[in-house]
Amino acid sequence: MTGVPASAAGGSSSARRTGPRGTSGAAQEPAERTHQGSAVDRGPAERGVTDRGAADRGAADRGSTEGGAAGRGGKIAAAAVNQASVWNVANLLTMLRLLLVPAFVALMLGNGGYDPAWRSFAWAAFAVAMITDLFDGHLARTYNLVTDFGKIADPIADKAIMGAALICLSALGDLPWWVTAVILGRELGITVLRFVVIRYGVIPASRGGKLKTLTQGIAVGMYVLALTGPLATLRFWVMAAAVVLTVATGLDYVKQAIVLRRRGIAERRAASRGTED
């Protein structure tokens, strides 16, 4: 029993002593490897998150830039559309009516102004102008083609073709000058009156005014043609009806303008008193 070698005993005790240390060392190594592995694993993840964040910010910046550019492009495109909208169908018809005015005058006065053939061509130009007058306003309101140019040019074209026809007829002795003066005076006067009271409101077109325009167009058209016999008598009465409607609707517009102005002044005074209170 006492002959057991010390080295064996020492080796056994050394094994016992190093056993725990070897075990703890072995345990520590996987732990360290695990820690290192987690650090290695977190590195790409964190880098991925960072890269994705940078990419998102870059995309957001690019989106903002592109959005700003798109917004500016949209405004430019909208401006281009608004500018191009002047050349819509309704305005083109109005322009055609304006161009027909000098053509009508040339045809009306052609060959002395009494040639039935030339008068027929003049009537055709006048008829086209009156028909386009019926369609351009309807097209503009129906398809939202109302423009500032149309608001100004349309009434000018109406007055121009009607005025040219009346003046030519009176100059040729086919229509008394007082008829021309009444019709043109009424048209110009109502136009000025509309601009005077526009600060208080808009005078709407009445059915009487539309009937007046239609009657005037028919009467003037019949006078442009070289009619004889019963048709010549008929055109006299149609023109008489047109003159009556012209005067009656003119007085109605004057009445509406007075009422509109008084109402507008009263509303402004009431608003000013409310502000003072």
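This chain uses plain numbering: 1 for the first residue, then up along the sequence.
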Without hydrogens or angle criteria, can the side chains of T147 and N88 be said to hold a donor-acceptor pair below 3.5 Å? no

Is the backbone of I203 close enough, under 3.5 Å, to the side chain of R194 for a donor and an acceptor to pair up by distance? yes

Same hydrophobic cluster for L107 and L227, using side-chain heavy-atom links shorter than 4.5 Å among ILVMFWY? no

Just wondering, are more than 12 heavy atoms of other shown residues or ligands nearer than 6.0 Å to CZ in F135? no

Atom pair CZ (R141) and CG (D136), whose distance is rounded to the nearest 0.5 Å: 8.5 Å

Find out whether V192 and L188 are in side-chain contact, i.e. whether some heavy atom of one side chain is under 4.5 Å from a heavy atom of the other. no

Between the main-chain N or O of G113 and the side-chain N or O of R119, is there a donor-acceptor pair closer than 3.5 Å? yes

How far apart are the closest heavy atoms of L231 and M222, and which atoms are they? O-CE, 3.8 Å

Flag, side chain of S272 to backbone of R269, donor-acceptor distance under 3.5 Å: yes

With the side chain counted from C-beta on, respond yes when T191 and P155 share a heavy-atom pair under 4.5 Å apart, and no when they do not. no

Rounded to the nearest 0.5 Å, what separates atom CE in M95 from atom CH2 in W87? 4.5 Å

Hey, does the side chain of R268 reach the backbone of Y200 with a donor-acceptor pair shorter than 3.5 angstrom? no

According to a 4.5 Å side-chain heavy-atom criterion applied to Ile, Leu, Val, Met, Phe, Trp and Tyr, with indirect links allowed, do V254 and V197 form part of one hydrophobic cluster? yes

Taking atom CG of L214 and atom CD of Q216, what is their separation to the nearest 0.5 Å? 10.0 Å

Hey, does E187 have a side-chain heavy atom less than 4.5 Å from the side chain of K212? yes

Using the rule that Ile, Leu, Val, Met, Phe, Trp and Tyr join whenever any side-chain heavy atoms are under 4.5 Å apart, tell me whether V247 and V244 fall into a single cluster. no

Test side-chain contact (heavy atoms from CB on, under 4.5 Å) on L96 and L92 and set out the steps. CA-CA 6 Å; L96 174 62; L92 290 176; over 6 Å; no

Same apolar cluster: V128 and M108, side chain cutoff 4.5 Å: no

Which heavy atom in A219 sits nearest to a heavy atom in V238, and how many Å separate them? CB-CG1, 3.6 Å

Please round to the nearest 0.5 Å and tell me the distance separating atom CG of L251 and atom CZ of R186. 9.5 Å

Roughly how far, to the nearest 0.5 Å, is the CE atom of M130 from the OG1 atom of T213? 7.0 Å

Please round to the nearest 0.5 Å and tell me the distance separating atom CG of L93 and atom CG of L100. 10.5 Å

May I ask whether L172 and M162 are part of the same hydrophobic cluster, defined by side-chain heavy atoms of I, L, V, M, F, W, Y residues being less than 4.5 angstrom apart, directly or through others? yes

How close do L225 and S120 get, counting heavy atoms only, and between which atoms? CD2-CA, 4.2 Å

Please name the residue in the list V220, T180, V224, I183 that meets the side chain to side chain contact (heavy atoms under 4.5 Å, CB included) test with L175. T180

Can you see which heavy atom on H138 is nearest to which on T142, and at what distance? O-OG1, 2.7 Å

With the side chain counted from C-beta on, respond yes when Y223 and W123 share a heavy-atom pair under 4.5 Å apart, and no when they do not. no

Minimum-distance pair of heavy atoms, taken over all atoms of D115 and G110: CB-O, 4.4 Å

Where do F126 and A165 come nearest, in terms of heavy atoms and distance? CE1-CB, 3.9 Å

Would a distance-only check, ignoring hydrogens and angles, find a side-chain to backbone donor-acceptor pair under 3.5 Å from N91 to V86? yes

Could you walk me through whether R262 and E267 satisfy the salt bridge (Lys or Arg N to Asp or Glu O under 4.0 Å) test, starting with their C-alpha distance in whole Å, then the side-chain angles of each, then the deciding distance to 0.1 Å, before giving a yes or no? CA-CA 9 Å; R262 288 178 178 175; E267 290 176 353; over 6 Å; no

Is T249 reaching over with its side chain to a backbone N or O of T246, donor-acceptor style, under 3.5 angstrom? yes

Check step by step if side-chain contact (heavy atoms from CB on, under 4.5 Å) holds for F121 and F104. CA-CA 8 Å; F121 290 133; F104 166 81; over 6 Å; no

